Amino acid sequence: MKINELARKLGISTRTIRFYEQNGLLPGVIRENNRYRVFNDEDVWRLQTIIALREAGMTVKDIREVLESESAHHAVTDRERLRYYLELQQALLAGQWLEMRRMAETTSQMLELLQKEQELPLQEFFELAQQARQLRELRHNWRDHWNFDQRAEEHDRHVHTDHTAYPGYDEVLTHTAASVRAAQGERGLDLGTGTGNLAGRLLAQGANMAGIDQSREMLKQCRSKFPAMDVRMGNLLSIPYDDRSFDFVVSSFAFRYLAEQELPLALAELQRVLKPHGRICITDTIPENTENSTLARLLQDWLEQHDYMLQRTSPYTGVFTLLAVPIRVSS
DNA sequence: GTTCTTACA
DNA sequence: TGTAAGCA
């Protein structure tokens, strides 16, 4: 098949096909004597894959990486690799989606200012822009954390042996799940679910569980342990779920990794995916030393300021569980 | 007439 | 990625 016919069939331009070839997405295209390209079924298949991934918003560079490693491996790993890249893409888009939304909001705020101020509110514009920029930076910088965890296979052993990082692990999780009191069919989200140990307990209570984690290996382990769970790649600053999706959100041993400036953003994200009267249950360590204890306090303050009623318990030495239930405001 | 490469937008 | 030029 020559290039024109192929382009017509796939609904793309010949230029695009040549461009893909030039960028290494179509290796080994055969030439006729007159130097015309001839495409075989394999090429067609690859091109269809490329078009699909482009439609998902993947860059040509990313697609090349997906496809390159593909031919070298077997069918199972191909599937996994594809899945991994698509999940990465999903997480990326979740962040961009939030960014777009924030831009729309900023625009509205600027219009409002313009409406009600006498003079041009240039100073206010500038301040708005500064805030927006900081948010973007925070989200953006997170990307560097991705893929850091190659030790997921040992994770479940690790939580039982490292008593400093995970004091009283099983008891703590059981206590957390008990505090939540999931009702049959409720929809819950576990932030930083790891291998799903907390989510699994809530699953057992009859809840419909979803979870996010940054580590692909964790996701893999979690899926094999709890096939019923909906697990996605993501982080606390851009959660890849729709607004008001969950009756409750839980998290264990995850918030401690947040920097102080990140906490408000993470909580705003949490609140976004939570239903209006949803509850929150966060379990974590409180190191007595300065840094993270302020994090715990900030967490509590934020929740109180946002009309949650708090119940704080300590299921184990050095661990706290915060159950936050919204105070119903009659309107 | 079709495709190719190269250059520019 | 579109468009155009100059070739084979």
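Naming convention: chains lettered A, B, ... in sequence-line order (proteins, then strands); numbering from 1 in each chain. Predicted, not measured: the structure shown is a model, and the values here were computed from it.
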Q | Listed once per pair and sorted, the ring pair (Phe, Tyr, Trp, His ring centres under 6.0 Å) pairs that draw on residues 302-326 of chain A, sequence neighbours left out | A | A:Trp302-A:His306
Q: Determine, for A:Asp230 against A:Arg232, whether the closest basic-nitrogen to carboxylate-oxygen distance falls under 4.0 angstrom.
A: yes
Q. Which residue pairs pass the ring pair (Phe, Tyr, Trp, His ring centres under 6.0 Å) test with at least one member in residues 94-126 of chain A, sequence neighbours excluded?
A. none
Q) Got a sec, which pairs hit side-chain hydrogen bond (donor to acceptor under 3.5 Å, both in side chains) with one end in residues 161-171 of chain A, sequence neighbours left out? A) A:His158-A:Asp162, A:His160-A:Asp170, A:Tyr169-A:Asn197, A:Asp170-A:Arg201
(Q) Quick test of your reading of the model: are A:Arg279 and A:Glu186 salt-bridged, counting only N-O distances below 4.0 Å? (A) yes
Q: Using whole Å, report how far CD of A:Gln22 lies from P of B:dC4.
A: 13 Å
Q. Are A:Leu274 and A:Ile212 connected in a single hydrophobic cluster, I mean Ile/Leu/Val/Met/Phe/Trp/Tyr linked by side-chain heavy atoms less than 4.5 Å apart?
A. yes
Q | Presence of A:Arg8 side-chain N/O under 4.0 Å of B:dT2 phosphate oxygens OP1/OP2 | A | no
Q) Out of A:Val319, A:Ile282, A:Leu198, which one pairs with A:Ser252 under the side-chain contact (heavy atoms from CB on, under 4.5 Å) rule? A) A:Leu198
Q: Could you pull out all residues at least two apart from A:Arg102 that satisfy salt bridge (Lys or Arg N to Asp or Glu O under 4.0 Å)?
A: A:Glu99
Under 3.5 Å between N/O atoms: give me all the protein pairs with nucleotides 3-8 of chain C, atom names plus distance.
{"residue": "C:dT3", "atom": "O4", "partner": "A:Arg15", "partner atom": "NE", "Å": "3.3"}

**Q.** Residues A:Arg37 and A:Glu21 bridged, charged N to O under 4.0 Å
**A.** yes
Q: Could you tell me the separation between the CD1 atom of A:Ile3 and the P atom of B:dT2, rounded to a whole number of Å?
A: 14 Å
Q. In which stems does DNA chain C show up, taking only runs of three or more Watson-Crick or G-U wobble pairs whose two distances fall under 3.5 Å?
A. B:4-9 with C:1-6
Q: Nearest whole angstrom, please: distance from the C1' of C:dT1 to the CD of A:Glu55.
A: 15 Å
Q: Starting at atom CZ of A:Arg31, determine the distance to atom P of B:dT2, rounded to an integer number of angstrom.
A: 19 Å
Q. For C:dT1, does OP1 or OP2 lie under 4.0 Å from any side-chain N or O of A:Ser13?
A. no
Q | Sugar-phosphate only, base, or nothing, as touched by A:Arg18 at under 4.0 Å among non-hydrogen atoms | A | base
Q: Measure from CD on A:Glu32 to P on B:dC4 and round the result to the nearest Å.
A: 9 Å
Q | A:Phe19 CZ - B:dC8 P separation (whole Å) | A | 17 Å
Q: Return the value, rounded to whole Å, for the distance between atom CD of A:Glu5 and atom P of B:dT2.
A: 13 Å
